[in-house]
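Numbering of residues begins at 1 and proceeds along the displayed sequence. Because the structure is predicted, anything quoted here is derived from the model rather than measured. What's counted below: heavy atoms across the whole structure, side chains too, no hydrogens, waters or symmetry copies. Both ligands and their constituent atoms are indexed starting at 1 by order of listing.
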Amino acid sequence: MKKYLIEHEWSIIEEGFDPNNHEVSESVFSIGNGHMGQRANFEETYTGASLQGSYMAGVYYPDKTRVGWWKNGYPEYFAKVLNSTNWIGLKIVIDGEELDLYQTKVSEFVRELNMKEGYLQRTFKAELQDGKQLKVQATRFVSIVDKEVGALKYEITPLNFNGTLTTTSYLDGDIKNEDANYDEKFWDPVNTWIKDNRMSVTLKTKKLDFHFCSTVETQIFSNGTKLELTGTAKEAIKYASLVYDVPLTEGESITIYKYAANVTNRDYDTDQLETVSSTVLDLAVSKGFDQLKQEQAKGWANKWLDSDIVIEGDVAAQQGIRFNIFQLNQTYTGEDERLNIGPKGFTGEKYGGSTYWDTEAYCLPFYLATADQKIARNLLVYRHNHLEKAKENARKLGFEKGALYPMVTMNGEECHNEWEITFEEIHRNGAIAYAIYNYVNYTGDKSYLGEYGIEVLAEISRFWEERVNYVPAKDVYMILGVTGPNEYDNNIDNNWYTNRIASWTLEYTIEVLDYLKKSDSVLYQKWIDKLELKDEEVNQWKDIIKKMYYPIDDERNVFLQQDNFLNKELIPVAELDKKHLPLNQNWSWDRILRSCFIKQADVLQGLYFLNHEFDLDTIKRNFDFYEPMTVHESSLSPCVHSILACQLGYKDKAYEMYLRTARLDLDNYNNDTEDGCHTTSMAGTWMSVVQGFGGMKIKDNRLYLNPFIPGEWQSFSFKVVFRGARLLVQVDQEKVTIINETTTSVDLSVYNNQTQLDGKATVEIAL
Ligand code: BGC
């Protein structure tokens, strides 16, 4: 953990430049717009440690697996989000000396991520070796309005000299992924051109034929007047640049603008890319930097209108939650149903930018409550589109029927690379089924079930049907050889959570079949025929539901994480010397696996998902048993604990867990933010506020709220979009106020008092 960022309500701010923090800052200050994104690399040369990263959504590379591919059923490749052309590059040379913040003396350095308006800005003073001083201000953003456009403004003011600035504005496509398995470059050149002040680089991936074209225009202004300069063109393979010499006069600013249009053949015909890119660029240039930036501010204001959370009296908490919301909205906008939410968003290479169960288990509620319903629906349709691949995946592993969704994927194919997860962390199938329930429960949109949902549910149910093991001697069904959400316990038998979510999937699938039969017999029959679903099969599901085995500790009356959990030495984390933490950086894997320590919510994940099935005492007993042994070394862990702690009235624990999730990357809790931010767990932070402190739940088409406010806060407020209405929920130390900002009325329950909140009405309830 390291705290070096300044607390501020709307911005992330770093004051003073310390190269040791640079890679963490490159992650934290990342910018994105759902279509593309990049780490907060410097525009000018930086020779210190840095992870250069520019990413285009949905553009990936199937990098051949390094280990395990010889095992039957093992994925042949790991899909990697591709580091793409660096369009921000500006080499800055002053009278022969290059500006490089790793070498040059820097002062008054301030880096700011303005989350309200969606831009990144840096200011600093630099002193060159011969005493020349200059001031720099660099501002950039990727447009949330014109998705293919990026723009930057780089302003240099010589403070004590006249001289010459030689600047090289470049496009560099000769880049690598740091995590390339075989140290190879993934891009091949297609075309490069330079004309007047424009240059363009088109690349294609060595496999899969993704094409990416980046076209850039550079403009240079002196004191507000555009300079008619002719740059010297320099081309190389996958690289284009223009070099300009500009006279510098003491006290007078030179401003360099770079406009970029980044397009891929995911959206356009391959042979049209250069033309489209030029057209997009024309539009960006005609608007100009200031207009683009104003539109950016407006675009972000709209995003904040639906999704902002305000916390008064605790700037650290306020900054934390806004940072999380900002990063989520930068990563996924829901406009393209082929896309999903990678655990690192556009902030790094780790986890390959691919889709995990994180989306269904953690991200869906955020998009359900803060955005148009179709955005959450698109996330479900994404999995429906991958159903055939999930079936293929199950066949590959030897199952005769059903679908096993991948642990990690880009296109529906499995590409996770650790057998104990790839083959055994099958609970992910349950989260995908649960997301359908969650969506329908939240939105009331039952049409999804008949359109797509039932097909996914039935195929997942079939997987469970085949994966369970009937044990005649005990007349029970077991699920052997699995890894639960707690990845610190592998290849175990009867993970309570997996058994429960499997059986729950069967229950829900039967419920949906019954619903379809009653509501639309024609549609029902269509699915029965298409799925070739026989009564015997449904009866088999019923038998599994009835006879599913659940490990239980009778003495403590808790659900057991797995059959052998009690054979472990049970020690609370509090008794461990701090030097052992985090375990994954200090202990061998063998030692971790034999220990009782839990990486993330496991049994508790089940109690969170299926909360309505359990009484408070049961939740309390299990929480009290498991939480003390949990090390939260997955960023997905604290939020579930925070929500359950709220439910149990464990205010301090809830707040402790909230802070850990909200500021995970800002304070680098897990000591790994340099790899990228924990984007998917950011949705968990949102859940901690809305479902935890706000106590929000949906039951029988009614929105339930049960708010409590941490003692540290004066007030907090959040917005939720529910069944066509948008509600503003404000909680202070005395009362809860709910304002219906729309004209649609809503069925509400606050502290279990049911009411109907009419359009534009307000209700106030004492805490
Ligand atoms: C967690 C998984 C998660 C993955 C990606 C792992 O550390 O244990 O549950 O899906 O990270 O976020």
For this session: Report the part of K599 in contact with ligand 1, treating N, CA, C, O as backbone and CB onward as side chain, heavy atoms under 4.0 Å; options are side chain, backbone, both, neither.
Result: side chain
Problem set entry | N72 atom CG, over 12 foreign heavy atoms within 6.0 Å |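 Not buried by this count: 12 neighbours or fewer within 6.0 Å.
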Exercise. Out of Y608, F559, F565, F597, which one pairs with Y626 under the ring pair (Phe, Tyr, Trp, His ring centres under 6.0 Å) rule?
Worked result: F565
Exercise. Per the ring pair (Phe, Tyr, Trp, His ring centres under 6.0 Å) rule, which among F323, F326, F366 passes with W686?
Worked result: F366
Exercise. If we only count heavy atoms from C-beta on, is the V408 to N417 side-chain gap below 4.5 Å?
Worked result: no
Exercise. Quick one: are R467 and L404 in side-chain contact, heavy atoms under 4.5 Å?
Worked result: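 Counting from C-beta outward, R467 and L404 never come under 4.5 Å.
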Exercise. Taking the inter-plane angle between the rings of W357 and Y362 on a 0 to 90° scale, is it parallel (under 30°), tilted (30 to 60°) or perpendicular (over 60°)?
Worked result: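 The arrangement is perpendicular - the two ring planes meet at more than 60°.
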Exercise. To the nearest 0.1 Å, how far is atom 10 (O) of ligand 1 from its closest protein heavy atom, and which atom is that?
Worked result: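 Here the closest protein heavy atom is D358 OD1, 2.7 Å.
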Exercise. What residue and heavy atom of the protein are closest to atom 11 (O) of ligand 1, and at what distance?
Worked result: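 Residue, atom and distance for the closest contact: Y351 OH, 3.5 Å.
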Exercise. Would you say Q600 and ligand 1 have an N/O pair spaced under 3.5 Å apart?
Worked result: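 Yes: some nitrogen or oxygen of Q600 is under 3.5 Å from one in ligand 1.
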Exercise. Quick one: does E487 get an N or O within less than 3.5 Å of an N or O on ligand 1?
Worked result: yes
For this session: Pull out every atom of ligand 1 sitting under 4.0 Å from any heavy atom of W357, numbered as shown with elements.
Result: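 The list of qualifying atoms is 2 (C), 3 (C), 9 (O), 10 (O).
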For this session: Check each atom of ligand 1 against the heavy atoms of L636 and keep those under 4.0 Å away; list them by number with element.
Result: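 Reading through ligand 1 atom by atom, the close ones are 3 (C), 9 (O).
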